[in-house]
Amino acid sequence: MARIRKQGGATVVDRLAELYAPQVEQFGIMLEETGDALIGAVSDERARARVAVYRLEGLCVVTSHRIEVKRDMAFHERSVPGLCVCTLSADSLSLCPVAQPSRARRAGNVAVFGHGDEPQQCVLHAGEVHDATSVTFLPEWFSRLDACERRSAWELIEEPGSACGEELACVLDRCLCAMTPLFGGKLLDGSSALRGAERAARTAIAWFEERSRAERAAGTREQARLVRAAKRFVALHLDRALSLDELSRELLTSRTRLCSAFRQETGESLGAYVRRSKLERACQLLERSGLNVSEVAHCVGYPRASSFTVAFERAYGIPPSAWRD
């Protein structure tokens, strides 16, 4: 599905295609040109999926998809360096490389993060619905920004990803959904889609600048960044038994500093946050997937179902099987 283009005399795979080709290839979707967009759909024993893509000026791609999963399946995504702003269903947010919010909405969860070039692998579970609209800019796009915005965009890419607060999320969700026919918007021409994408990026950059100013004024910039990095790492590794020593090593800090910073920023111990994050993910899987209790336990890093059941009942007052019922 990738286009081939000449760049510096050499033929290379178009980097933009890396951002939507996995969905297309793994689900066997045939994309067809519809105006300035690529549209496709498929329904088989694995999933029902629809995809819409805009490739804009070779510097930006808008990808929108709805995936209704019918059976468990491995899924991988490729990536390229750049800035991503996206609105997601709760199921998709749980797989997004950002610090997870205390409570996710069924739809309209907005995340902002910098793409790396590492591939991501996960499992999609039967019963999940993965709705997402994302706009991703390659670094070359930043050259059209003024110096201050350009510096902030690069800082934002280096930051641990974040889920946005409700007020900003509502603004960006409306902006992104208006760009795709999959979620109530119109099929746009390329120039209109680019204006919408740039509006979303500039809104996210302005939010980041405001947050950074507030943290610097309070003298908490580095501490807040460390806590966001810890939350992001936890979100990406819920299927593992996470120790505080491992977290501090991964984040290149001491256990004492990490735990102190986390409690000061959140009012919660890091250990309690890890346990809560695992059990909240378990609740999602119990509600929306066909996994049994032992399988859910494994997905959230409990090697024994009995240990998971004890932890679950201690937190919610009922065993996992009763929660599902």
Side-chain angles (χ1 to χ4, degrees), residues 83 90 93-104 109-116 118 120 151-169 204-284 297 299-303 307-308 310-317:
L83 176 64
L93 180 65
S94 68
L95 304 178
C96 190
V98 301
Q100 297 292 300
S102 57
R103 186 174 65 180
N109 304 284
V110 173
V112 180
F113 56 94
H115 267 298
E118 68 281 358
Q120 298 289 333
R151 182 172 58 252
S152 295
W154 280 112
E155 288 181 4
L156 183 50
I157 284 181
E158 296 297 323
E159 274 274 317
S162 296
C164 299
E166 186 169 346
E167 183 176 352
L168 178 65
I205 290 170
W207 159 78
F208 171 74
E209 290 174 334
E210 182 178 350
R211 187 183 71 178
S212 297
R213 282 194 296 268
E215 290 174 350
R216 289 191 179 100
T220 61
R221 174 78 174 134
E222 292 306 314
Q223 177 173 286
R225 193 176 189 278
L226 176 61
V227 170
R228 286 193 289 271
K231 288 183 172 181
R232 178 182 182 273
F233 188 85
V234 171
L236 293 176
H237 300 93
L238 289 176
D239 59 340
R240 288 166 44 183
L242 294 171
S243 71
L244 300 185
D245 288 334
E246 179 189 9
L247 278 166
S248 60
R249 285 195 302 270
E250 290 289 342
L251 299 174
L252 304 178
T253 188
S254 70
R255 172 173 170 159
T256 300
R257 178 172 181 263
L258 176 59
C259 291
S260 175
F262 200 93
R263 186 175 286 279
Q264 288 181 34
E265 283 291 310
T266 69
E268 181 179 27
S269 74
L270 180 53
Y273 175 81
V274 171
R275 290 190 294 273
R276 179 169 61 81
S277 297
K278 286 176 174 290
L279 293 176
E280 287 175 351
R281 176 59 177 156
C283 289
Q284 292 177 343
C299 287
V300 294
Y302 284 84
S307 300
F308 167 67
V310 169
F312 193 97
E313 191 163 358
R314 184 181 296 128
Y316 298 110

If we count only N and O atoms by modelled type, under 3.5 Å, do the side chains of Glu209 and Ser152 hold a donor and an acceptor together? yes
Between the side chains of Ser162 and Arg211, is a donor N or O closer than 3.5 angstrom to an acceptor N or O?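 Yes - a donor-acceptor pair under 3.5 Å links their side chains.
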Can you name the closest pair of heavy atoms from [X] and [Y] and give their distance?
X      : Y      : result
Phe262 : Glu268 : CD2-O, 3.3 Å
Gly161 : Phe113 : CA-CB, 3.6 Å
Ala169 : Cys164 : CB-O, 4.2 Å
Leu279 : Phe308 : CD2-CE1, 3.9 Å
Gly271 : Leu244 : N-CD2, 4.1 Å
Ile205 : Ala153 : CD1-CB, 3.9 Å

Check whether any side-chain N or O of Thr220 sits under 3.5 Å from a backbone N or O of Gln223 as a donor-acceptor pair, and report yes or no. no
Judged by atom type as modelled, is there a donor-acceptor pair below 3.5 Å linking the side chain of Ser248 to the main-chain atoms of Asp245? yes
Would you call [X] and [Y] a side-chain contact if the rule is heavy atoms closer than 4.5 Å?
X      : Y      : result
Val112 : Trp207 : yes
Gln284 : Glu280 : no
Ser269 : Tyr273 : no
Pro97  : Leu236 : yes
Lys231 : Gln100 : no
Val110 : Leu168 : no
Leu247 : Phe233 : yes
Val227 : Thr266 : yes

Answer yes when Glu265 and Arg228 have at least one side-chain N-carboxylate O distance shorter than 4.0 Å, and no when they do not. no
Carboxylate-amine/guanidinium contact Glu155 Arg216, below 4.0 Å: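 Between Arg216 and Glu155 there is a salt bridge, with a charged N closer than 4.0 Å to a carboxylate O.
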Start with the C-alpha gap between Arg314 and Val310, add the side-chain angles, then the distance that decides, and say whether side chain to side chain contact (heavy atoms under 4.5 Å, CB included) holds. CA-CA 6 Å; Arg314 184 181 296 128; Val310 169; 3.4 Å; yes
About how many Å separate [atom2] of [Y] and [atom1] of [X], when rounded to the nearest 0.5 Å?
X      : Y      : atom1 : atom2 : value
Arg103 : Asn109 : CZ    : CG    : 11.0 Å
Glu250 : Leu258 : CD    : CG    : 11.5 Å
Arg263 : Leu270 : CZ    : CG    : 10.0 Å

Run the salt bridge (charged side-chain N to carboxylate O under 4.0 Å, His left out) test against Arg225 and tell me which residues pass, sequence neighbours left out.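 Only Glu159 meet the salt bridge (charged side-chain N to carboxylate O under 4.0 Å, His left out) criterion with Arg225.
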Around Glu166, counting heavy atoms of other residues, nucleotides and ligands shown, do more than 12 lie under 6.0 Å from its CD? no
Around atom CD of Glu210, are there more than 12 heavy atoms of other residues, nucleotides or ligands at under 6.0 Å? no
Go through the steps for Trp154 and Leu156 under the test side chain to side chain contact (heavy atoms under 4.5 Å, CB included), then give the verdict. CA-CA 5 Å; Trp154 280 112; Leu156 183 50; over 6 Å; no
Ser94 meets the side-chain hydrogen bond (donor to acceptor under 3.5 Å, both in side chains) criterion, sequence neighbours left out, with Arg281
